[in-house]
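In this text, all values refer to a predicted model and were calculated from it rather than measured experimentally.
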Amino acid sequence: MRTRKKTKKPFSFVSKSIFVANLIAALVLLLSYAASFISPATFWPLAFIGLGYPFLLAVNLLFVAYWLFRKPLYTLLSVITIVLGWKFLVSTIGFRESTGIQVPKSSQSFIRVLTWNAHYFKKFDEQNDKMIKDQMLDVIRHEQPDIICLQEFYSRRKGEFNIRKSILEILNTEHYYIEENMGNDYETIGLAIFSKYRIRKKGNIVFPNTDRGNQVTYADFKVNKQTFRIYNVHLQSIKFQKEDYNYLKEIKQINTDDSESPRRIGSRLKQAFIKRGEQAKILRAHARESELPYIIVGDFNDTPVSYTVNTLSKNIKNSFRERGSGFGVTYNGDFPNFQIDYILASGEFNVMNYCIINKKLSDHYPVRSDLELNHEVKQ
């Protein structure tokens, strides 16, 4: 008696449609990786796709879950695409337990570095707030960094809001460097580096065609007969205005027919992508020319899947990728929340731990890492 062959179930229209959608999602995810290697000045649309990496990753993971229950072999389409971008995945999500709980630091040979966009020690578009200022100073007091780099630093020359004096007292030091962007006899705004180590040399990098405030300062230190440099970075801001933030709040709640706001926001993002890409190249060249071990910290205003971050972190260590845990979100403002603050270190350093301090005081979270300089360097 002849046995009947088992016929395969035909691929339904729905399954075919889902597969096509999966294919498109996988291709767009691949395109997002290209945003890290192609300058926005060459082809800026890729930068927008790179910005969407977390969403594209989530969509592809949903397709993996769907095919697991339907046709497991088809999970390979998204799985392979995700694995091809493994570098970006582990730069966005840390698959390990938290390593950043050591307070105080567990070894005196470690260099504790903290970076924080302090947003003038107040909440967005608000007046100076004594309570917020005191809570932010308490974070610094608790963490006791050896070096703290502050972007959007603010201090009055005297009185209760003389934040410069307060930080020097908290760290029990006299070593600091403030590059003023704006200032008068009453107050100052700029980039600040405070240190428990003596500053041997200092300077700043002013980018062409860029407003003051989006720039880089640096300082050299000698610790245990080893000299290294730290860069305090505040790359090109998007320059969102109040009406932009209002629009972003509105689209979360209701549909809107406003067509002007998306164009304005898109234009701001495009110009910022292009400027940051050029700034990253200038900073990388400067760091490589110094011939010193170096640390680059601060507000890059760009995500792990971007030309800016890929340019600056090429062949050096990204502290989050080395030791980070969970989702590396460092921005907590009204724009979709991403990782935009970083601690990078050249190969002479070991990254011992990493911590995003979950204190919603500024529109950025403070970020801290303990580093160890592990090679003798010629002086």
Got Val28 and Ile49 here, is their nearest side-chain heavy-atom distance under 4.5 Å?
-> yes
Are a donor atom and an acceptor atom from the side chains of Ser109 and Ser107 found within less than 3.5 Å of each other?
-> yes
Output yes when a side-chain donor or acceptor of Ser319 lies under 3.5 Å from a complementary backbone atom of Ile343, and no otherwise.
-> yes
Crowding at CZ, Phe37 (>12 non-hydrogen neighbours, <6.0 Å) | yes
Which atom names give the shortest non-hydrogen contact between Gly213 and Asn181, and what distance separates them?
-> CA-ND2, 3.3 Å
Asn310 side chain to Lys87 side chain, donor-acceptor N/O pair below 3.5 angstrom | yes
Non-hydrogen atoms of Ala118 and Leu150 that approach each other most closely | CB-CD2, 4.5 Å
Side chains of Tyr66 and Arg70: is there a donor and an acceptor less than 3.5 Å apart?
-> yes
Examine the side chains of Thr188 and Glu180 and answer whether a donor and an acceptor come within less than 3.5 Å of each other.
-> yes
Is it the case that Ser78 and Thr81 place a side-chain donor and acceptor less than 3.5 Å from each other?
-> no
Check whether any side-chain heavy atom of Leu312 lies under 4.5 Å from a side-chain heavy atom of Leu283, and answer yes or no.
-> yes
Specify the closest pair of heavy atoms between Phe273 and Pro40, including all atoms of both residues, with the distance to one decimal.
-> O-CG, 3.5 Å
Given Tyr218, which of Tyr294, Phe228, Tyr231 fulfils the ring-ring contact (aromatic ring centres under 6.0 Å, His included) condition?
-> Tyr231
Write down the atom of Ile230, the atom of Cys149, and the distance for their closest heavy-atom approach.
-> CD1-SG, 4.0 Å
Is there a donor in the side chain of Asn232 and an acceptor in the side chain of Gln151, or the other way round, less than 3.5 Å apart?
-> yes
Sequence neighbours excluded, the answer for side chain to side chain contact (heavy atoms under 4.5 Å, CB included) partners of Ser39 is Ala41, Thr42, Glu278, Tyr307
Classify the ring geometry between Phe194 and Tyr176 as parallel (under 30°), tilted (30 to 60°) or perpendicular (over 60°).
-> parallel
Glu152-Tyr154 side chain donor-acceptor pair, cut-off 3.5 Å = no
Derivation of the salt bridge (charged side-chain N to carboxylate O under 4.0 Å, His left out) call for Asp370 and Arg112 | CA-CA 4 Å; Asp370 289 344; Arg112 172 157 292 185; 2.7 Å; yes
Check: Tyr186 main-chain N/O paired with Asn184 side-chain donor or acceptor under 3.5 Å = yes
For the residue pair Thr311 and Arg284, confirm or rule out a side-chain donor-acceptor distance under 3.5 Å.
-> no
Over all heavy atoms of both residues, which pair between Phe320 and Val90 is shortest? Give the atoms and the distance, please.
-> CE2-O, 3.7 Å
Mutual orientation of the aromatic rings belonging to Trp116 and Phe121 [parallel < 30°, tilted 30-60°, perpendicular > 60°] | tilted
For the student: nearest non-hydrogen atoms of Gly347 and Asn374, plus distance | O-OD1, 4.2 Å
Measure the shortest side-chain to side-chain distance between Asn214 and Phe207 over non-hydrogen atoms and say whether it is less than 4.5 angstrom.
-> no
Would you say Asp299 and His364 make side-chain contact, with heavy atoms under 4.5 Å?
-> yes
Within-4.5 Å side-chain heavy-atom neighbours: Val367 and Ile357 | no
Does Lys133 count as lying over the ring of Phe161, i.e. NZ or CZ under 6.0 Å from the six-ring centre, within 45 degrees of the axis?
-> yes
Do we see a donor-acceptor contact under 3.5 Å between the side chains of Lys196 and Gln144?
-> yes
